[in-house]
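To keep things clear, I will list the structure first and then write my remarks on it.
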Amino acid sequence: MTRLLQVRRPAVRTAARMDLHDRRRLALLTACALMVRGVVVSQTVDMPGDAPARAVLAYAWSLHPCWMGGGVWLPLGTYVSGLADLIWLHPAWVTRLLDVVLGTLCIPLYVLLVRQTFDMRTAWGSGLVLACLPLHVALSASSMTEMLFHSLLLGALLLLCHRRLVGATGLLVAAEMTRYEAWAIAPFCLLAVAAETREWRPVAVAAVVLALFPLYWLTDSARMFGSVWYIAEQGLRGPEFARPALTWPMALLDLLRKSAGHVGWGLLILMGLGIGRGLRAPAPTGRRVLYGFACFTTFLNLRMLSHNGGLLWDRHLLLMLMLWLPFGLYQIPAAWSSRARVALAVLLAGSLALSSGSYVPDQRYVTRDTLAPVRRVVSWLRDSPYRDAAILLTRCDWMSTYVPLYYPPAASQNLIVSEWIRDVELQQFVTQHRPPIVITALGDADILQRIEVVGHCHIQRDAPLLQAAPFIIYRINP
């Protein structure tokens, strides 16, 4: 297999080795990035929703490690965080600290990739911007899977630049096991290698290897849930997806607005100039591949914006911005004096501050909330007779995802009832675990009614066991 994946012709020209001075500068930049992310993670907690739920899932997996079958969330993030949980059983911190390390690792990988495809000057500028980019810092301090995905993808692109198709294929398979975007990105990477090297046999073998996991995951999902489209059906549930589609021009304007909210209009204009220059001027092979990759990710974002009626989580913008960033910074003339570059940096920073100050993102990833109601519920659970019992929860604006995160005994025996939970799953949980309590909120009365109907039980709403706004705990009678 290794011999079949060997590529004789290099995909791009290999850059010279970094000298000692550049390596020291890269180590300093990486250390500063680690320090920034460490400070943020120590002063914040995950926003309620997917991030705490992923951390809880990883902790529950660490209690009973197994091979995960088909479902909505891909397994590698759970495996990696779960293995870390085996070392230190603290779900509220382990996944976030792991993401700090992975987010910091992205910085040197990104600098080396930009250096390979552009030059050292552009690489330093791009690395510095990424190290301080608020979106990257926030995702590095959360429990989301973006940092694992980006570190795998950057490593794969860097290996492809050095014609290491075997290692790149392995990292792309790992990326496919982390984020669904990789299912579209991996074939593009292979097409780019084939177009530049004209060696189709190793690329065809790599394509077969990359197709194995998506086929397995879809097949197993169809076996478990009765539909090969279960993933798409579950992923597009919820009232936020019930929006009319946008036209492509409107989607483009919305994408520009969202992007400017994260990098500022000044840097976005530089990126636009880089896009125009990439269309006109000839470029080295690696830069052409990166340009095509950036166009492809932009197309994916535009497609999601148009199809979802303007809904695109800001984390999906990060890869696109990372790919376009060196094209923008490459427009800065190398002959400029240090004073001119500092002045431009101040202008770009001011533009970013003005844009981000007026931009309201669709989704935030960390918060400085003290979580006082959550801690009160956790304290009550520890002292209650239900400390070892299974627990039903409702959405509570996704604040309920904090409860098993800060009360680990409930990690493997809880169910958060929402529109993403099917009736058969709810009925199965109630039948098998017989949860004696439900943790809910005033706005979830319809979910409580659904629990009573599907679970054939009665909720004692007239006698709450605890009220800690927004939480209310009721007893469940069979």
Side-chain angles (χ1 to χ4, degrees), residues 33 36-37 40-41 44 46-47 49-51 54 74 77 96 98-111 113-114 125-158 171 175 178-185 188-189 254-264 267-268 270-271 274-275 290 293-305 308 311-329 348 352 355-356 359-366:
V36 170
R37 284 151 180 77
V40 173
V41 81
T44 59
D46 276 318
M47 286 292 290
D50 284 359
R54 288 183 181 276
L74 294 171
R96 299 184 69 210
L98 182 63
D99 271 9
V100 167
V101 174
L102 292 171
T104 304
L105 178 62
C106 287
I107 305 304
L109 290 175
Y110 185 61
V111 169
L113 178 63
V114 176
S126 301
L128 181 60
V129 172
L130 185 64
C132 302
L133 191 66
L135 179 59
H136 193 274
V137 173
L139 284 168
S140 298
S142 77
S143 299
M144 304 296 285
T145 56
E146 268 67 22
M147 291 303 101
L148 175 59
F149 171 64
H150 287 149
S151 59
L152 291 169
L153 188 58
L154 289 173
L157 292 174
L158 195 56
L171 291 180
T178 306
R179 301 282 312 171
Y180 287 107
E181 298 94 302
W183 293 17
I185 289 171
F188 178 87
C189 294
D254 202 19
L255 184 64
L256 291 174
R257 179 187 64 83
K258 290 175 179 288
S259 301
H262 291 289
V263 299
L267 194 50
L268 194 65
L270 280 179
M271 292 181 187
I275 294 172
L290 209 62
F293 193 16
C295 290
F296 183 66
T297 56
T298 304
F299 167 78
L300 292 179
N301 283 334
L302 282 172
R303 179 71 181 87
M304 284 193 288
L305 263 175
N308 296 336
L311 178 64
L312 178 70
W313 305 132
D314 291 77
R315 63 179 186 268
H316 295 300
L317 298 173
L318 182 56
L319 179 60
M320 180 191 74
L321 295 175
M322 289 168 60
L323 293 171
W324 284 126
L325 179 59
F327 288 94
L329 296 181
L348 292 178
L352 172 59
S355 299
S356 60
Y359 174 68
V360 179
D362 291 328
Q363 188 179 33
R364 298 185 185 274
Y365 304 101
V366 291

Closer than 3.5 angstrom, by distance alone: can the side chain of Tyr365 be matched with the main-chain N or O of Met144 as a donor-acceptor pair? no
How close do Val100 and Ala141 get, counting heavy atoms only, and between which atoms? CG2-CA, 4.4 Å
Minimal heavy-atom distance between Val114 and Ser126, with the atoms involved, is CG1-OG, 4.1 Å
Leu300 versus Glu181: any side-chain heavy-atom pair under 4.5 Å? no
Stepwise side chain to side chain contact (heavy atoms under 4.5 Å, CB included) test for Met322 and Leu154: CA-CA 10 Å; Met322 289 168 60; Leu154 289 173; 3.8 Å; yes
Are the side chains of Val366 and Arg96 in contact, using a 4.5 Å heavy-atom criterion? yes
Taking all non-hydrogen atoms of both residues, which atom of Cys132 and which atom of Val137 are closest, and how far apart? C-CG2, 4.3 Å
Side chain to side chain contact (heavy atoms under 4.5 Å, CB included) between Leu255 and Met320, intermediate numbers included: CA-CA 11 Å; Leu255 184 64; Met320 180 191 74; 4.0 Å; yes
Find the distance between CG (Asp314) and NE2 (His262) and round it off to the nearest 0.5 Å. 3.5 Å
Could you check if a side-chain atom of Val41 sits within less than 4.5 angstrom of a side-chain atom of Asp99, using non-hydrogen atoms only? no
In Å, rounded to the nearest 0.5 Å, how long is the span from CG of Leu317 to CZ of Arg315? 10.5 Å
Stepwise, does the side chain to side chain contact (heavy atoms under 4.5 Å, CB included) test hold for Leu319 with Ile185? CA-CA 11 Å; Leu319 179 60; Ile185 289 171; 3.7 Å; yes
Contact check, side chains of Leu325 and Leu270, non-hydrogen atoms, under 4.5 Å: no
Within the 3.5 Å criterion, strictly below it, is a donor on Ser259 or Trp324 matched to an acceptor on the partner's side chain? no
So which atom in Gly103 and which in His136 form the shortest heavy-atom distance, rounded to 0.1 Å? O-CE1, 3.3 Å
Flag side-chain contact, heavy atom, 4.5 Å: Leu153 against Phe293: yes
Do you know which two heavy atoms are closest between Gly127 and Val111, and how far apart they sit? CA-CG2, 3.7 Å
Can you name the closest pair of heavy atoms from Met271 and Leu321 and give their distance? CE-O, 4.0 Å
Counting only N and O atoms by type, is there a donor-acceptor contact under 3.5 Å from the side chain of Tyr110 to the main-chain atoms of Leu130? no
Would a 4.5 Å heavy-atom cut-off, applied to side chains only, mark Lys258 and Asn301 as touching? no
Main-chain N/O of Ala131 paired with Arg37 side-chain donor or acceptor, under 3.5 Å: yes
Going from OG1 on Thr145 to CG on Leu74, what distance comes out if it is rounded to the nearest 0.5 angstrom? 8.0 Å
To the nearest 0.5 Å, what is the distance between CG (Leu152) and CG (Leu102)? 8.0 Å
Measure the spacing between CG of Leu139 and CG of Leu148 and express it to the nearest 0.5 Å. 12.5 Å
Side chain to side chain contact (heavy atoms under 4.5 Å, CB included) between Ser140 and Thr104: does it pass, once the steps are laid out? CA-CA 8 Å; Ser140 298; Thr104 304; over 6 Å; no
Taken to the nearest 0.5 Å, the spacing of Leu105 CG from Ser151 OG works out to 5.5 Å
